[in-house]
Each structure stands twice: as C-alpha cells, then as structure tokens.
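All heavy atoms count here, side chains included; hydrogens, waters and symmetry mates do not. Since we're looking at a predicted model, the values are computed, not measured. Atoms within each ligand, like the ligands themselves, are counted from 1 in listed order.
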Amino acid sequence: MDHPLERYALRPVRSPQEWSVYHAIRRDAIFSALLPGQAYDEHDPDEFQHRHLPHALVRDGEIIGTVRIDLVGEAQAGLRLIAIRPDLQRQGHGSVLLRLAEHAARGLGRNEIVINAHPTSLSFYLANGYREGEWRDAKPVPANLIRVGKRLS
Ligand SMILES: CC(C)(COP(=O)(O)OP(=O)(O)OC[C@H]1O[C@@H](n2cnc3c(N)ncnc32)[C@H](O)[C@@H]1OP(=O)(O)O)[C@@H](O)C(=O)NCCC(=O)NCCS
C-alpha cells in the first residue's frame with residue numbers, strides 16, 4: 001500500500017476536541033480491546049508530566065492515531081499507548097506513525113526508542129525493525145508486556 005508521507009502529520013494534541021478524539025482512540029483500540037479489566041483514566045497523572053508529550057497522528061486533517069512520546073533519561077524516548085482507530089487498522093497507518101514518532105524523537109535529541117509491547121502487537125513492532133531485549137526505560141517492564149527497542153541511525 002502506498003502512503004505518501006505528505007498526507008500525514010504527527011503533532012502534539014491541542015484543542016479540547018482533539019483531546020476527546022485522542023482519548024476515544026486509546027479507549028477503544030487499547031483499553032476496551034486489550035485491557036478489559038483496566039479502566040481508562042483521562043486524568044492519569046502520567047499524561048501531564050512535562051517530559052511526557054501526547055501526540056496525534058493526523059491524516060488529511062483527521063486524527064486517526066495516538067502515541068505519547070516520553071523522554072527517558074538523556075537519550076531514550078518511550079513510545080506509549082500507540083493506537084490506530086479500530087476501523088483503520090492493518091492499512092499501514094501504524095507503520096507511518098512509528099516512522100514519524102522516531103523522527104520526532106530524533107528531533108528531541110533521542111537515539112534510542114523503547115516500547116512495552118502488548119503480545120498481540122509484537123509482530124507489528126518486529127516488522128518495523130524493533131527487537132526484544134534489555135532496553136533502558138524509566139520503570140521495569142509491566143507484567144504481561146514485552147519490552148522492545150530500536151537504535152535510531
Ligand atoms: C498495533 C497497531 C498500532 C498497528 O497499527 P496498524 O496500522 O494496524 O499496523 P500496519 O498496518 O502498519 O501493520 C504493519 C505490519 O505489522 C504486522 N502485524 C502483525 N500483526 C499485527 C497486528 N496484530 N496488528 C497490526 N500489524 C500487525 C504485519 O506485518 C503488518 O503488515 P500487513 O498488514 O501487511 O500484514 C494497531 O493495529 C492498533 O492500534 N492495535 C490495537 C492497539 C495496540 O495493540 N497497540 C499497541 C499496544 S503496545
């Protein structure tokens with residue numbers, strides 16, 4: 001599938017309307033689908049730390065995906081709660097999101113990405129150049145998730 005990058009942007013979430021789409025995508029794609037016992041909290045303090053940067057994937061002006069870029073230590077970025085709107089998954093948008101998030105991380109002076117992957121998405125990360133291993137992160141890997149990472153060239 002062809003995904004001309006000029007149709008996409010990855011940028012910080014801004015207006016109240018954008019925040020509501022951001023939360024809806026995370027709630028539907030991750031919490032309802034993968035973490036049924038875990039309530040989604042829009043006011044989780046983790047969202048508001050100054051080194052945690054909520055971003056939206058925009059395609060043709062519409063928000064279709066989410067990622068929070070967390071600055072970890074001096075040189076790492078953690079990508080958190082990566083999600084593509086459920087009706088648009090498996091069309092290549094997630095791979096575009098990763099490329100743009102890696103670019104943004106480089107722009108923030110980062111040379112390494114770390115992700116705590118849900119097992120159902122492991123093959124997505126492997127297909128995008130991520131590898132399992134002892135990648136540095138702010139906290140230990142949560143139960144039932146798999147740590148993957150990538151060195152940025
Ligand atoms: C995981 C997710 C972000 C991937 O985004 P996407 O747009 O669906 O993925 P892409 O279309 O770019 O997939 C690229 C490739 O990854 C691989 N892949 C394997 N298993 C996959 C899976 N369960 N979901 C997506 N891709 C998968 C495939 O090789 C796929 O290419 P193909 O569709 O041609 O076979 C998205 O499916 C999603 O939001 N899932 C629910 C939430 C989630 O799991 N988030 C990650 C939590 S760590």
Can you confirm, on distance only, whether ligand 1 has an N/O atom lying under 3.5 Å from any N/O atom belonging to [X]?
| X | answer |
| --- | --- |
| N116 | no |
| A83 | no |
| H118 | no |
| Y125 | no |
| G94 | yes |
| Q91 | yes |
| A117 | no |
| I115 | no |

Requested in this report: Answer yes or no for atom 23 (N) of ligand 1: protein heavy atom present at a distance under 4.0 Å?
Outcome: yes

Counting heavy atoms under 4.0 Å, the part of L34 that contacts ligand 1 is side chain

Quick look: S121 vs ligand 1, heavy-atom contacts under 4.0 Å, and the answer is side chain

### Query
Going by the angle between their ring planes, with limits at 30° and 60°, are Y130 and Y125 parallel, tilted or perpendicular?
perpendicular

### Query
For the residue pair Y8 and H3, does the interplanar ring angle fall in the parallel (under 30°), tilted (30 to 60°) or perpendicular (over 60°) class?
tilted

A83 and L97 have their tightest heavy-atom pair at O-CD1, 4.3 Å

For A29, the ligand 1 atoms with a heavy-atom partner under 4.0 Å come out as 41 (C), 42 (C)

> Any non-hydrogen atom of A33 lying under 4.0 Å from ligand 1?
Replying inline: no

Check: Would R110 and D70 pass as an ion pair if we require N to O under 4.0 Å?
Finding: no

